[in-house]
There are 2 protein chains.
Amino acid sequence: MDIFHPATEDLDLTSVLQALGDPMRLQIVRLLAGEGEQICGAIDLGISKSTRSHHFKALREAGVTFTRVEGTHRHVSLRRDDLDACFPGLLDAVLQTARVPA
Amino acid sequence: MDIFHPATEDLDLTSVLQALGDPMRLQIVRLLAGEGEQICGAIDLGISKSTRSHHFKALREAGVTFTRVEGTHRHVSLRRDDLDACFPGLLDAVLQTARVPA
DNA sequence: GTAACGGTTCGACGCACATCGAACCGCCCG
DNA sequence: CGGGCGGTTCGATGTGCGTCGAACCGTTAC
């Protein structure tokens, strides 16, 4: 079971919104937007490894992130261009407010 | 238990995204954006009354819609201004792509 | 006053999800 | 080659959600 990424034209608004509609994942997306590509393990939010893996899978399968394998590491990045192409303005709107939390 | 609406400053991104992350509710929002204020019963998507009521409640409690009581009817409308104030561009982005579904 | 109608609430049910620990797999480094 | 590390997968568990029918409530109409 290789890492799956949905095609750009297969991105689904509902799925993306659902993926973004979780505090943990929203935080991950915010971090990826700010810091750029990250190694999976570098992102720790006080959750277990399995839960983290679960969220990354959810984001990836919704088409929000792209995962690149390099050795034992997984490099994760935002699919900014694809998201902007399918849902123009959406990511920006989410990030703009996500950047200013409380 | 009167109809509750969250204050504009209490709107939460995660909650809004979660509310929008459902096909039925997304369809309702799209309809409200296109047709303006609607009576609850005028919106039928092949779901039961109770399910419809449930979705309207979810949208309302997330701050996406405003419900106005008039006699036996409930008039529902989008909280466009409030959403734009809290999450500028978000609603537009969602509607723009939601307008072109399949 | 009584019936009909618009909506809500109440279980109930099934499903999906967030979370965890533990087991597992692949790769790298001694 | 063998151990450790980065990540995934596998149950298991609790919880929340979408859906329904049925019962209920307020208002309007007759």
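Just so it is clear: chains get the letters A, B, ... in the order the sequence lines come, proteins before strands, and each one is counted from 1. Atom set for the values below is all heavy atoms of this structure, side chains included, hydrogens, waters and symmetry mates excluded.
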Identify whether the distance between the nearest side-chain nitrogen and carboxylate oxygen of Arg80(A) and Asp92(A) falls below 4.0 Å. yes
With side chains defined as the heavy atoms from C-beta onward, is the minimum distance between Gln38(B) and Leu31(B) less than 4.5 Å? yes
Between atom NZ in Lys57(B) and atom C1' in dC10(C), what is the gap in whole Å? 11 Å
Whole angstrom is fine here: how far is it from CZ in Arg52(A) over to C1' in dG7(D)? 8 Å
In whole angstroms, the gap separating C1' of dG6(C) from NE2 of His75(B) amounts to 11 Å
Check whether the side chains of Ser48(B) and Thr51(B) place a donor and an acceptor atom closer than 3.5 Å, and report yes or no. yes
Length of the NE2-C1' vector between His73(B) and dG26(D), whole Å: 12 Å
Spacing between Ile3(B) atom CD1 and dT9(C) atom C1', to the nearest angstrom: 16 Å
So which pairs with a foot in residues 22-60 of chain A pass ring pair (Phe, Tyr, Trp, His ring centres under 6.0 Å), sequence neighbours left out? none
For atom CD1 of Ile39(A) and atom C1' of dG7(D), their distance in whole Å: 12 Å
Using whole Å, report how far CD of Glu61(A) lies from P of dA18(C). 12 Å
Nucleotide by nucleotide, 5' to 3', does protein get under 4.0 Å of the base (B), only the sugar-phosphate (S), or neither (-) in nucleotides 15-22 of chain D, counting heavy atoms? ---BBBBB
The side chain of Thr72(A) is closest to which nucleotide in this list: dC27(C), dG7(C), dT9(D)? dC27(C)
Between C1' on dG7(C) and CZ on Phe4(B), what's the gap in Å once rounded to a whole number? 20 Å
Go through Ile43(B) and Leu32(B) one step at a time and tell me if the side chain to side chain contact (heavy atoms under 4.5 Å, CB included) criterion holds. CA-CA 9 Å; Ile43(B) 303 178; Leu32(B) 288 176; 4.3 Å; yes
Show the nearest heavy-atom pair for residues Arg60(A) and Ile3(A), with the distance to one decimal. NH1-CG2, 4.1 Å
